[in-house]
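See below for the structure under consideration.
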There are 2 protein chains.
Amino acid sequence: MSHSLGVRQAQKQKTRQAFLDAALGLLAEQSLSSLGLREVTRAVGVAPTAFYRHFHSTADLGVALVEEALGSLHPMISGTVSTADDSDERIDRAVALIARHVRAYPAHIRFIARERNGGVQKVRAAIAEQMDRFADEVRAELAKQPESDGWSDDDLLMLAGLYVDQMLMTASAFLEADPDDPHEEERVTRVARRRMRLISIGRRNWLG
Amino acid sequence: MSHSLGVRQAQKQKTRQAFLDAALGLLAEQSLSSLGLREVTRAVGVAPTAFYRHFHSTADLGVALVEEALGSLHPMISGTVSTADDSDERIDRAVALIARHVRAYPAHIRFIARERNGGVQKVRAAIAEQMDRFADEVRAELAKQPESDGWSDDDLLMLAGLYVDQMLMTASAFLEADPDDPHEEERVTRVARRRMRLISIGRRNWLG
DNA sequence: CCATGCAGTAAACAACTGTTCTCCGTGGGG
DNA sequence: CCCCACGGAGAACAGTTGTTTACTGCATGG
């Protein structure tokens with residue numbers, strides 16, 4: 001597995017990753033629509049023109065960031081939904097999983113939450129597509145559970161979307177609370193748990 | 001009630017409103033953090049320096065926009081929650097109310113949804129504060145209903161927040177669907193109704 | 001082993017940005 | 001009635017922006 005990538009292509013991908021990382025850092029305190037091409041190249045330590053070797057525009061960079069950020073979000077959602085039955089301790093575990101992920105990749109979820117309704121149409125579309133895919137996967141996972149007997153696929157998709165949206169909102173809430181105030185973080189945790197629990201109760205009593 | 005405002009102050013507020021309107025228009029396809037001062041003054045048809053007579057910065061303009069946009073959102077939320085008991089036809093009415101409001105003030109809700117997680121800290125804080133206020137009003141309204149017997153204030157606030165967030169997400173969904181495709185809009189309506197209904201079912205079975 | 005494709009450089013471009021200073025016209029309080 | 005406070009205009013400022021053109025060095029495939 002040594003010659004899997006030439007020295008050349010490896011260096012290119014390395015630079016590309018540097019662009020993504022630098023952009024993600026800069027996007028901590030601004031939105032994509034205000035992110036300048038030169039700003040990014042300056043942060044990477046590279047000439048402005050080098051940018052074009054990797055992306056057409058900052059909007060394109062944004063789309064690439066969506067892939068990366070939601071790729072890292074994928075295991076979290078899978079993990080959350082696989083434990084998404086009714087029992088309280090499993091809900092607690094799911095919320096803890098979200099909190100852990102936020103602390104591991106804060107820039108990723110900040111980017112997604114920010115640009116989901118952001119000013120760049122292509123990025124919004126890319127996020128929406130990925131979120132729809134996630135919702136569909138969650139629906140498939142929910143369908144396996146015995147609690148879903150008698151549910152229509154449409155209703156399951158509705159529930160899955162509600163779960164996914166709730167996860168992202170919870171993650172965003174953890175983000176705002178971050179400034180090492182464990183009290184504040186505990187508050188977010190408690191609210192998130194109860195929201196999840198209420199939704200689960202709604203699920204359990206949906207039929208009939 | 002004629003001399004309530006001098007000609008001078010009236011003209012000033014008129015110009016100020018022109019700034020707000022122009023900014024709201026420009027923010028249809030970009031985020032606040034990329035909104036330039038000169039861009040706004042150009043849209044208003046006024047000298048760049050005139051901007052400083054009304055706002056310190058574009059971030060200040062954003063805070064002012066929060067007041068205006070959430071001021072217009074207030075009656076919608078009140079109207080929605082006053083009908084937010086369990087019956088299906090009331091839920092339908094609430095969703096219709098949201099749809100109507102989105103069609104009446106699309107720029108307002110687009111701004112709120114976009115900047116709620118946007119790149120300008122002061123604006124995010126202003127929105128969060130107003131949303132918290134809304135949630136608290138909804139909590140007070142819910143507390144009056146007989147379904148809330150036995151509920152703690154904390155749980156009621158949790159439910160209220162869930163409702164408020166759901167309203168904004170529904171409004172945002174209507175916004176994305178807008179391109180005069182009534183089929184798409186109907187789909188959003190149906191999903192929103194069922195989400196609301198599931199939450200209401202969860203509410204009804206929360207205790208015990 | 002050499003020719004070439006390609007990542008990255010350097011300089012220049014016109015256009016745009018936020019901010020400051022100076023000025024003007026006039027509505028309104030004394 | 002008149003003086004002045006104030007909304008707004010205009011010009012100028014140093015920086016920054018995205019994009020183009022021409023260039024360099026080197027890894028790599030034939």
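Chain A is the first sequence line, chain B the second, and so forth, proteins listed ahead of strands; every chain is numbered from 1.
Reading DNA chain C from its 5' end, the first and the last nucleotide to sit under 4.0 Å from a heavy atom of chain B are C:dT17 to C:dG28.
Between A:Arg193 and A:Asp88 there is no salt bridge, since no side-chain N of the basic residue sits under 4.0 Å from a carboxylate O of the acidic one. Salt bridge status for B:Arg139 with B:Asp136: present, with a side-chain N to carboxylate O gap under 4.0 Å. Here A:Arg187 pairs with A:Glu184 in a salt bridge; the nearest charged N to carboxylate O distance falls below 4.0 Å.
Distance check: B:Leu73 CG to B:Phe134 CZ gives 5.5 Å after rounding to the nearest 0.5 Å.
For the segment residues 22-30 of chain A, the set of residues with a heavy atom within less than 4.0 Å of an atom of DNA chain C is empty. Looking at residues 49-60 of chain B, you'll see B:Thr49, B:Ala50, B:Arg53, B:His54 sit with a heavy atom under 4.0 Å from some atom of DNA chain D. If you check residues 32-43 of chain B against DNA chain C, the residues with a heavy atom closer than 4.0 Å are B:Gly36, B:Leu37, B:Arg38, B:Arg42, listed by number.
Between the side chain of B:Arg124 and the main chain of B:Arg116, no donor-acceptor pair closer than 3.5 Å is present. Side chain of A:Arg103 to backbone of A:Phe174: no donor-acceptor contact under 3.5 angstrom is found. Remark: side-chain polar atoms of B:Ser152 are paired, donor with acceptor, to backbone N or O of B:Asp155 under 3.5 angstrom.
For A:Asp21, the side chain to side chain donor-acceptor pair (under 3.5 Å) partners at least two apart in sequence or on another chain are A:Gln17.
Of the N and O atoms on the side chains of B:Thr41 and B:Tyr52, not one donor lies less than 3.5 Å from an acceptor on the other residue.
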Between the protein and nucleotides 2-5 of chain D, list every N/O to N/O distance that falls short of 3.5 Å.
none

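The only option from B:Leu159, B:Leu162, B:Leu198 that meets the side chain to side chain contact (heavy atoms under 4.5 Å, CB included) definition with B:Arg203 turns out to be B:Leu159.
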Candidate pair A:Trp206 and A:Ser148, rule side chain to side chain contact (heavy atoms under 4.5 Å, CB included), full reasoning: CA-CA 10 Å; A:Trp206 177 252; A:Ser148 303; over 6 Å; no
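Here D:dC26 presents its P atom at 19 Å from NZ of A:Lys12, a figure rounded to the nearest Å.
Contact annotation: the side chain of A:His54 never approaches that of A:Leu61 to less than 4.5 Å [non-hydrogen atoms, C-beta and beyond]. Between B:Phe55 and B:Leu37 there is no side-chain heavy-atom pair separated by less than 4.5 Å.
Using cut-offs of 30° and 60° on the angle between ring planes, the pair B:Tyr105 and B:His108 is parallel.
Within a 6.0 Å radius of CD in A:Glu29, no more than 12 heavy atoms belonging to other residues, nucleotides or ligands are found.
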